[in-house]
Chemist: 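Provided herewith is a single structure, encoded as structure tokens, for subsequent inquiry.
Naming convention: chains lettered A, B, ... in sequence-line order (proteins, then strands); numbering from 1 in each chain.
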Amino acid sequence: MQIVTYNINGIKARIETLLTWLKEASPDVVAVQEIKSVDEGFPRERVEELGYRVETHGQKGFNGVAILSKLPLEDVTRGLPGDDTDEQARWIEATVIGDKQAVRLCGLYLPNGNPAPGPKYDYKLAWMARMEAHAKSLLAQEMPLVMAGDYNIIPQDEDATRPEVWHKDALALPTSREAFRRIVNLGFTEAFRSLTRGGGHYSFWDYQAGAWQKNDGIRIDHFLLSPEAADLLVECRIEKDARAKDKPSDHVPVWLTLDA
DNA sequence: ATGGCACAATACTTGTGA
């Protein structure tokens, strides 16, 4: 089973890019972030024509997540538990029925949190505390579990070309990294890092200031695997080339292959 | 101390992102 996480930065602006990529790459499942659309505004038929089921959790203008899948989906849920007043669409879950194994997939768009300190940073930390609590309950089910998405966390300095410019940023502050590690340390495996050491691996390059041309990037799109999912881990790779194509997102797809 | 860029909204500018 191939699962991709891909922050597309707006479905209206990215639909042709997404369709071209789906046709060529043909992943089994895609966790999509930043659709920036309500559910009714998502061009679902155009994706369904390529053989994908489409489950969205959108809102007007910002955020919004989705799961696209050629494999059957069951038990789809929307929203991160823990705060009924939270109106931001950043979490969707489904069970993917693989040929050998069912996998619980969480697609997430973790808050950016800038500027820090401030209310947006407080929201980020509160959201991560809710995610930690929810992750703990999901782990207790002792099944293959994948939490895929845009974490808006640069886990270590080696995950940025210029770590020094991020040190006071919500993506890299010690408090942010600690909150990320608290989740990982519940018993998850960070898929990419478990297979690939060292720096120079990025999933985001800003549109501004020639960041792509300078390879001025950061690695913020991640997969966390439960022990049962880590047992199935085959490969995790970053599709860097996508950033050089026509009308790209500022993020590239990150691929996970499981023996499931 | 901030620019640079891209996207969405009901807009001719502003908020948001990372």
Chemist: Under a 4.0 Å N-O cut-off, is there an ion pair linking A:Glu24 with A:Lys245?
Modeler: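 Between A:Lys245 and A:Glu24 there is a salt bridge, with a charged N closer than 4.0 Å to a carboxylate O.
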Chemist: Expressed in whole Å, how much space separates the P atoms belonging to B:dA8 and B:dA18?
Modeler: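 It comes out at 14 Å once rounded to the nearest Å.
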Chemist: Would you mind checking if A:Arg46 and A:Glu16 are paired as a salt bridge, meaning a charged N to carboxylate O distance below 4.0 Å?
Modeler: yes
Chemist: What nucleic acid atoms does A:Lys214 come within less than 4.0 Å of, heavy atoms only: base, sugar-phosphate, or nothing?
Modeler: nothing
Chemist: Closest heavy-atom contact between A:Ala31 and A:Gly107?
Modeler: CB-CA, 4.2 Å
Chemist: Determine the interatomic distance between C1' on B:dT10 and the same-named atom on B:dG15; round to the nearest Å.
Modeler: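 Those two atoms are separated by 14 Å.
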Chemist: Tell me, for nucleotides 10-18 of chain B in 5' to 3' order, what letter each nucleotide earns: B for a base near a protein heavy atom under 4.0 Å, S for only sugar-phosphate near one, - for neither?
Modeler: S----BSSB
Chemist: Hey, are A:Arg219 and A:Glu158 close enough for a salt bridge, meaning a charged N less than 4.0 Å from a carboxylate O?
Modeler: no
Chemist: Should the pair A:His222 and A:Tyr151 be assigned to parallel (<30°), tilted (30 to 60°) or perpendicular (>60°) ring geometry?
Modeler: tilted
Chemist: Check this one for me: any side-chain N or O of A:Lys12 less than 4.0 Å away from OP1 or OP2 of B:dA6?
Modeler: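 No, outside the criterion.
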Chemist: Between A:Arg243 and A:Asp250, does any side-chain N to carboxylate O distance fall below 4.0 Å?
Modeler: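 Looking at A:Asp250 together with A:Arg243, the answer is no, because their closest N to O distance does not fall below 4.0 Å.
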Chemist: With a 4.0 Å cutoff (strictly under), does any side-chain N or O of A:Arg14 reach OP1 or OP2 of B:dA6?
Modeler: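 Answer is no, no contact under 4.0 Å.
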